Every structure is written in structure tokens, then in C-alpha cells.
Amino acid sequence: MQPHSAYPPQRPYPPTAPDGQSGSSSFPIQWIVRGIALLVGLPAAALVVWIIVGFERDKKKDLIAFDNRLGVPVEVHVDGKLVQTVPARREGESLVPVVKLPAGAKHVVVLSDGAMVSEANLTIRPRGKDEAHGYRGLYVVGPSRDYAIAKVPYYSQATKTPEPGHITRVPPPTPLAELPRELESYEMSTIDGTFLDSESMPDGTKMVWKTELCSYETRQGKPTLGCSGFHGEPE
């Protein structure tokens, strides 16, 4: 696969260093804020700062993505307190809610019309000093299924030796499964998204990776990803 920069990305990438690896956001933020301030004024620049600060803050939060497969809204309670109502997913919809857990969370209960649907105990390892992210989890409401994390490289120019896309299987949620902590909140916010033929990227960047959380199943003896556009064979 040799995609190139041609279309805007489905979701914004974090600032990326020229070698294609995620880099510090301090330098790009300064220029972004200055540019917007010159174009549309300080209020818009302040909004950008607020969004970026919120994104950086989410990295350290303990997060759980909820895949509601019941077809009805449910309520998520953490340690006895309602934290979010999760709507039923519509057919073909990929967006899922990502819930921020309160500090020290121990127990999750999902209710529908006052009746308990499922529950799970939380055993969250504290974030290490060198870790940018907190806990990451996937909670399935209703019939369980298998999942995988798919990654695809995108290049600014065609290359003779592109790295292959690859997937990592997620432990079966029962109903909760822990995800790799390197996932950003926006990478958890969709299930079965789409890999485009190309992605835009910052100037000077040679390659970026796009990550999607995908359903994973076996059809007619062959493994299949729910994410469309993945180049490569699931293992």
C-alpha cells in the first residue's frame, strides 16, 4: 500500500515530528495559536488552546469506550454514581462514547430501565511517571464479540518498501477488556471506522500511522475486520 497526502483525515492527528513519530506539541501549538489569532482574533485562538489542553488532559485520564449493542439506551454507573447515558448505536454508525472515570474508580454497573445489564470490577494500575496515558478499556453492553486494533501507515510520498498494516487482537471483553495505554481518546471513540486510501499530514512529515479499533470475526473460515479499507490480511 502506498497512500499519499490528498484528502483531510477523518479525525485530527496529534502534532507529528518530521520522522513520522509523535512529537512534543509545544512548538506546533505556538504557531497554530499565532496563525489563528492573526486570522480571526484572540477568541478563536483561545478556543484552540482550550481544545488542545483538554486533549492533553484526557491523555492522563482513565477512559473506557462503551460499545452498546443492546439497541436501547443504557446508564453507566461508577461506584454507585451515574456518570453517563450511552445511547443505542444506529446501524452503520461507528462513533461510540468514551467515559472518563473518576479517580480511584472500583466498580462499573450498566443499567437499562432500572435493571442491571452487566457489571465489572476495575483493577487499574496507577499511571507510571514515564507514562503519558492512563487506563484504557473497552466495555461491551449486550452480546459480546471479538475486537482488534488495526494500524496502517500513510506516506507523504510513494515508497518502494512501505511497512505493512498490522493488527493486535484485544482480549475478549467479559464485559470489560483492557486496551493498550498508548491509545488516544479519539482513537477509542469509533469502532469499525474506515481506512482511506490517503491521509493528510503536517508539512515535513514523511509517514504517520492511523489506528482504528475494529470488530473481529471469522467468516467462512477467514478472519475479517469490521473496519473497511484495511490493507493486509488479519491474522
Side-chain angles (χ1 to χ4, degrees), residues 11 13-14 22 54-70 74-87 89 94-112 116-152 165-193 195 209-218 223-227 230 234-235:
R11 299 196 298 269
Y13 281 104
S22 295
F55 172 76
E56 292 296 321
R57 188 184 299 118
D58 281 354
K59 286 184 176 183
K60 300 178 182 180
K61 294 287 187 179
D62 297 326
L63 308 176
I64 296 180
F66 281 81
D67 186 6
N68 182 7
R69 305 190 65 214
L70 279 186
V74 297
E75 295 180 343
V76 177
H77 294 251
V78 178
D79 295 336
K81 295 182 179 180
L82 174 64
V83 295
Q84 189 158 332
T85 298
V86 177
R89 281 180 64 192
S94 61
L95 189 66
V96 297
V98 177
V99 174
K100 300 176 186 178
L101 298 176
K106 300 294 184 184
H107 192 66
V108 176
V109 175
V110 176
L111 303 177
S112 177
M116 187 177 72
V117 175
S118 60
E119 61 180 335
N121 292 320
L122 295 171
T123 304
I124 298 177
R125 174 180 58 79
R127 184 172 59 88
K129 292 183 179 180
D130 297 329
E131 290 182 316
H133 295 177
Y135 174 85
R136 300 291 185 258
L138 172 64
Y139 196 114
V140 182
V141 182
S144 188
R145 57 177 173 174
D146 293 328
Y147 299 82
I149 297 169
K151 298 185 71 173
V152 169
H166 59 81
I167 67 169
T168 302
R169 296 286 301 274
V170 173
T174 57
L176 176 66
E178 184 170 359
L179 300 173
R181 290 202 176 197
E182 70 246 25
L183 289 180
E184 305 288 358
S185 57
Y186 67 86
E187 292 173 332
M188 301 168 58
S189 65
T190 61
I191 295 177
D192 290 341
F195 288 102
W209 286 91
K210 181 177 180 181
T211 302
E212 290 282 354
L213 183 57
C214 313
S215 61
Y216 183 101
E217 61 181 317
T218 301
T224 303
L225 283 182
C227 294
F230 178 79
E235 299 176 356

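Being a predicted model, the structure only gives us computed values, none of them experimental. What's counted below: heavy atoms across the whole structure, side chains too, no hydrogens, waters or symmetry copies.
Exactly one residue among Leu63, Val76, Val78, Val83 makes a side chain to side chain contact (heavy atoms under 4.5 Å, CB included) with Leu101. That residue is Val78.
Between the side chain of Arg136 and the main chain of Leu179, no donor-acceptor pair closer than 3.5 Å is present. Looking only at distances, a side-chain donor or acceptor of Asp62 sits under 3.5 Å from a matching main-chain atom of Tyr135. Not one N or O on the side chain of Tyr139 forms a donor-acceptor pair closer than 3.5 Å with the backbone of Pro173. Side-chain atoms of Asp67 do not come within 3.5 Å of backbone N or O of Val140 as any donor-acceptor pair.
Across every non-hydrogen atom of Val86 and Pro97, the tightest pair is CG1-CG, 3.5 Å. Residues Ile149 and Pro180 approach most closely at CD1-CD, 3.3 Å, considering heavy atoms. Nearest heavy-atom pair across Gly137 and Met188 is O-CE, 3.6 Å. The two residues Ala150 and Cys214 have their closest heavy-atom pair at CB-SG, 3.9 Å.
A donor-acceptor contact closer than 3.5 angstrom is absent between the side chains of His107 and Asp79. His133 and Glu184 share a side-chain donor-acceptor pair at under 3.5 Å.
In this structure, OG in Ser215 is found 4.5 Å from CZ in Arg145, a value given to the nearest 0.5 Å. Atoms OH and CD1, on Tyr216 and Ile167 in that order, are 5.0 Å from each other to the nearest 0.5 Å. Note that OG1 of Thr85 is 10.0 Å distant from CG of Leu111, once rounded to the nearest 0.5 Å. For the atom pair OG1 of Thr211 and OH of Tyr186, the computed distance is 7.5 Å after rounding to the nearest 0.5 Å. To the nearest 0.5 Å, the span separating CD1 on Ile124 from CD on Glu178 amounts to 8.5 Å. Lys151 contributes atom NZ, which lies 10.0 Å from atom CZ of Phe195 (distance to the nearest 0.5 angstrom).
Contact check on Arg125 versus Glu131 returns a salt bridge, with a Lys/Arg side-chain nitrogen under 4.0 Å from an Asp/Glu carboxylate oxygen.
Two residues are said to be in side-chain contact when any heavy atoms from C-beta on lie closer than 4.5 Å; Leu213 and Val96 fail this criterion. Contact annotation: the side chain of Leu70 approaches that of Val117 to within less than 4.5 Å [non-hydrogen atoms, C-beta and beyond]. Within the 4.5 Å cutoff, side-chain heavy atoms of Ile191 are placed close to those of Tyr147.
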_Residues Glu182, Glu187; criterion side-chain contact (heavy atoms from CB on, under 4.5 Å); working and verdict_ = CA-CA 10 Å; Glu182 70 246 25; Glu187 292 173 332; over 6 Å; no
*How far apart are the C-alpha atoms of Leu176 and Val108, what are their side-chain angles, what is the distance that settles it, and do they pass the side-chain contact (heavy atoms from CB on, under 4.5 Å) test?*
CA-CA 10 Å; Leu176 176 66; Val108 176; 5.8 Å; no
